[in-house]
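Heads up: the structure comes next, in structure tokens.
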Amino acid sequence: MTNKKEEQMKAHQIDNTKKAGLTTNQGLKMAEDEFSLKAGLRGPTLIEDFHFREKMTHFDHERIPERIVHARGVGAHGEFQVYEPLAEITKAGFLNDPSKTTPVFVRFSTVQGSRGSGDTVRDVRGFSTKFYTDEGNYDLVGNNIPVFFIQDAIKFPDFVHAVKPEPHTEVPQGASAHDTFWDFIGQNHETAHTVMWAMSDRGIPRSLRMMEGFGVHTFRLVNAQGKAHFVKFHWKPKLGVHSQVWDEAQKALGKNPDFHRVDLYEAIDKGDFPEWELGLQLIAEEDEFKFDFDILDPTKLWPEEEVPVRLVGKMTLNRNVDNFFAETEQVAFHPGHIVPGIDFSNDPLLQGRLFSYTDTQLSRLGGPNFHQIPINQPVCPYHNNQRDGMHQMAVHKGQTSYHKNGLNENQPEPVLVEEGGFEHYQEKVDGHKVRGRSESFLDFYSQAKLFYNSMTAVEQQHIRDAYSFELGKCESDVVKANAVDLLNHIDHALAKEVAENIDVAVPTTDEGVQSEKRSDALSMEHTIRKTDTRSVALLLTGDVDANQVKAWVEKLAEHNINYSLVGKKAYTLGEMKVKETYDTVDSSLFDAAFLISASSKVADDVLEFIENTYKHAKPLALHLHDDSVLDKCRVETDQPGVFLFKEHNLDHFDSFIEGIAQARFWDRK
Ligand code: HDD
């Protein structure tokens with residue numbers, strides 16, 4: 001069944017897959033498209049060649065400016081449905097009718113790299129959702145990390161200049177491991193908490209389908225009686241939250257720079273629709289000052305143990321785009337696109353964003369009519385007195401384009417609040433005009449420490465390794481020392497280990513936060529674990545038995561596990577196609593590997609494949625004709641998550657399947 005947005009988009013489609021004659025943009029059928037018009041077959045091209053000029057001019061202007069941040073992204077369509085009416089907290093229509101499906105478009109992104117950069121870099125991921133509601137578009141423009149680097153939007157250009165490739169070399173691409181980023185961090189301690197998240201496994205998600213989303217800021221929900229709650233928005237993935245390991249992410253970057261993009265496309269294409277539940281954390285207005293942090297500070301999260309997340313609805317992504325440029329590239333998000341029942345808070349980062357997003361679309365999409373681009377149009381009618389401008393697509397009828405008018409009964413007329421007209425929440429504000437930071441925003445370290453405390457030993461080790469890697473890539477000793485000083489304000493032992501790894505003086509005094517406070521919700525260790533959509537490489541060597549392999553893959557399919565048959569060369573095995581080879585794929589692109597060896601000799605690239613699977617703590621199954629084949633690689637078969645099958649016994653195989661659900665075996669040597 002198509003939804004309103006799909007119907008609307010269809011009206012704009014041009015289907016070039018259908019038989020159609022080639023024409024110019026003026027509709028003129030063309031008899032020739034391969035040769036320009038020349039004065040003689042070996043002569044110069046003539047200016048009269050309107051077809052050449054039109055084709056070339058259009059081509060010359062095909063590119064638009066990429067997004068200043070979040071340039072690399074991928075999008076998909078879907079739907080959202082609320083579980084039960086939320087009338088007591090918001091009057092937003094789409095959050096009040098469980099029978100209603102609201103079309104959505106989601107764009108995921110990395111922040112630092114340009115449009116052509118790789119997917120599996122260490123970075124924050126953007127998670128933007130456009131809800132096409134009956135009351136207008138609502139955009140939740142969030143990230144996969146619940147806090148942000150800075151507290152005031154005026155610092156955003158500085159922060160972005162620091163993290164982006166350095167201006168004199170345009171290096172590095174898709175990475176924060178460089179001097180200007182860490183210089184900024186060392187000089188701006190408000191970044192401490194968010195950087196800790198970025199250095200954790202959250203910065204290298206396994207799949208876009210397996211990450212959380214956060215609205216980050218504190219917003220307001222307002223009910224029909226005008227009563228407001230402060231709210232933080234969450235997206236909780238039904239597949240759980242999972243990450244790569246750093247070495248794996250770097251390898252995947254080379255082996256398939258489109259790893260996340262392809263993963264999302266293929267899952268949707270196959271019918272494995274990714275789902276997230278929408279979660280709300282609510283604080284009553286009267287409780288605004290009851291916490292040991294300022295709820296307006298975007299570098300702070302609300303610990304879930306203190307403010308529980310209420311799951312209120314579900315989003316399903318179920319349709320890939322028809323055209324990347326038309327949809328994913330031209331979609332324009334804006335945190336200021338809200339609907340009645342949702343409102344802002346005075347978070348100074350949010351306030352600045354409310355200016356920036358429309359402004360950027362003006363240069364990116366070439367003028368003020370970007371809302372008319374099909375992907376950006378609301379599904380409800382829209383009328384106002386805005387007119388003309390570049391790329392105006394609408395034909396506005398009538399004599400008047402101003403308010404108030406007497407010639408047209410004052411149409412289009414403002415709508416009463418009772419009839420759905422938006423009214424800003426009437427918060428009382430009173431203050432002097434000042435440039436400055438609220439004292440309540442000055443605790444930069446406590447929640448960084450809370451996050452670090454909440455990690456398991458392995459997660460903490462990954463964080464220390466990530467800081468060491470990133471700072472190890474910096475040139476300046478001053479930059480490194482300042483960053484270590486920042487770490488020393490969070491946790492002395494963390495600072496010490498990183499300092500030793502990068503050859504910087506270990507801070508002599510412990511300035512760290514002396515707190516053991518934890519929040520279990522912050523660790524990924526407690527996440528949902530499933531076999532669904534996990535991927536396994538079946539590595540075939542020698543003359544393997546087609547029937548045995550078939551029985552195994554059927555078992556994998558029963559658990560909704562994706563598999564690829566990998567051989568030395570592509571070939572047909574019984575009824576199955578062995579499509580991948582040791583050249584075309586790599587261990588970093590799979591969640592598990594199963595070596596099925598009917599030979600006493602196993603080639604080096606196969607051994608490297610299983611060694612990396614083992615090293616990255618992933619499940620590894622082995623069905624070997626000759627155990628000695630493992631002598632040449634560092635795989636120990638008595639370790640957790642290594643499954644040795646002597647017989648073709650399908651019952652044993654279940655343990656491997658459980659291992660695939662578990663995903664990682666961190667206690668492996
Ligand atoms: Fe932003 C894009 C998320 C702070 C200015 N931002 C952008 C996108 C996401 C975010 C997901 C990509 C949208 C898309 O897919 O098209 N940004 C955030 C979050 C922030 C944040 C979660 C902090 C909580 N951003 C932020 C600030 C400013 C901007 C403080 C400036 C004052 N962001 C932009 C931008 C972008 C953008 C320059 C680039 C392209 C675009 O807007 O459409 O305006």
Side-chain angles (χ1 to χ4, degrees), residues 64-77 104-115 123-130 137 139-164 184 188 190-191 193-195 197-198 202 205 208 211-219 232-235 260-261 264 295-301 317 321 324-337 344-366 370-371 373 375-376:
I64 63 170
E66 65 173 34
R67 289 167 176 83
I68 180 124
V69 279
H70 297 267
R72 168 85 181 168
V74 57
H77 293 270
V104 298
F105 185 77
V106 172
R107 182 174 179 274
F108 300 105
S109 46
T110 54
V111 179
Q112 199 266 10
S114 59
R115 248 189 87 178
D123 200 351
V124 175
R125 298 301 187 285
F127 190 141
S128 305
T129 309
K130 194 180 278 294
N137 289 347
D139 292 355
L140 183 55
V141 195
N143 282 338
N144 75 327
I145 287 180
V147 283
F148 202 67
F149 296 93
I150 49 170
Q151 295 171 323
D152 191 316
I154 199 167
K155 274 195 187 181
F156 192 68
D158 301 295
F159 166 67
V160 174
H161 287 172
V163 68
K164 278 275 181 179
F184 184 89
N188 292 273
E190 71 204 63
T191 56
H193 186 198
T194 304
V195 172
W197 277 80
R202 304 279 181 146
L208 302 167
M211 37 177 229
E212 286 182 285
F214 302 92
V216 181
H217 305 287
T218 296
F219 290 90
K232 283 217 193 264
F233 293 105
H234 295 244
W235 288 118
H260 283 156
R261 182 178 281 200
L264 181 70
I295 67 164
L296 297 187
D297 177 354
T299 68
K300 302 293 186 301
L301 51 83
L317 297 184
V321 299
F324 185 91
F325 179 83
E327 299 169 69
T328 310
E329 194 57 16
Q330 293 203 107
V331 67
F333 292 96
H334 179 19
H337 292 163
F344 313 119
S345 73
N346 295 333
D347 168 351
L349 191 73
L350 171 61
Q351 292 285 320
R353 289 180 81 191
L354 298 179
F355 166 73
S356 184
Y357 286 71
T358 306
D359 189 45
T360 202
Q361 313 307 344
L362 297 179
S363 63
R364 200 171 74 78
L365 298 172
F370 60 86
H371 61 282
I373 296 171
I375 191 69
N376 294 325

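No experiment lies behind these values; they were computed from the predicted model shown. All residue numbers in this chain count up from 1 along the given sequence. Indexing begins at 1, ligand by ligand and atom by atom, following the structure's order.
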Report, in ascending order of atom number, the atoms of ligand 1 lying under 4.0 Å from any heavy atom of [X].
X      : answer
Asn143 : 3 (C), 11 (C), 19 (C), 22 (C)
Val216 : 22 (C), 24 (C)
Leu349 : 23 (C), 24 (C), 30 (C)
Ala153 : 32 (C)
Ile68  : 38 (C), 39 (C)
Arg67  : 14 (C), 16 (O), 40 (C)

Just to confirm my output: which protein heavy-atom neighbour is closest to [atom], and how far is it?
atom                    : answer
atom 23 (C) of ligand 1 : Phe148 CD1, 3.3 Å
atom 15 (O) of ligand 1 : Arg107 NH1, 2.7 Å
atom 24 (C) of ligand 1 : His217 NE2, 3.3 Å

Close side-chain approach of [X] to [Y], heavy-atom, < 4.5 Å:
X      : Y      : result
Leu301 : Trp197 : yes
Phe159 : Asn188 : no
Val141 : Val216 : no
Asp139 : Thr129 : no
Ile150 : Glu190 : yes

Answer with yes or no whether [X] contacts ligand 1, where contact means a heavy atom under 4.0 Å from a ligand atom.
X      : value
Ser128 : yes
Gly142 : yes
Gln361 : yes

- Task: For this output row, return yes or no: ring centroids of Tyr357 and Phe333 closer than 6.0 angstrom.
- Result: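 No, too far apart.
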
- Query: For Ile68, does the CD1 atom have more than 12 heavy-atom neighbours from other residues, nucleotides or ligands under 6.0 Å away?
  - Reply: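 No, not enclosed.
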
- Take atom CD1 in Ile154; do more than 12 heavy atoms of anything else shown fall under 6.0 Å from it?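 No, the 6.0 Å shell around CD1 holds no more than 12 heavy atoms from other groups.
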
- Message: Tell me the contacting part of His334 for ligand 1: side chain, backbone, both, or neither, using a 4.0 Å heavy-atom threshold, strictly below.
- Response: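 It is neither; nothing of His334 touches ligand 1.
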
- At a cut-off of 2.8 Å, list the protein N/O/S atoms near atom 1 (Fe) of ligand 1, residue plus atom name.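 Near atom 1 (Fe) of ligand 1, below 2.8 Å, one finds Tyr357 OH.
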
Please round to the nearest 0.5 Å and tell me the distance separating atom [atom1] of [X] and atom [atom2] of [Y].
X      : Y      : atom1 : atom2 : answer
Lys300 : Phe148 : NZ    : CZ    : 14.5 Å
Phe149 : Lys155 : CZ    : NZ    : 13.5 Å
Ser109 : Leu208 : OG    : CG    : 9.0 Å

- Message: Does any N or O of ligand 1 fall below 3.5 Å from an N or O anywhere on Thr360, backbone included?
- Response: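 For ligand 1, there is no N or O atom that lies under 3.5 Å from one belonging to Thr360.
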
- Query: Counting only N and O atoms by type, is there a donor-acceptor contact under 3.5 Å from the side chain of Arg125 to the main-chain atoms of Asp123?
  - Reply: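 Present.
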
- With no hydrogens and no angle check, is any side-chain donor or acceptor of Gln361 less than 3.5 Å from a backbone partner on Ala332?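 The answer is no, because no donor-acceptor pair under 3.5 Å joins these two groups.
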
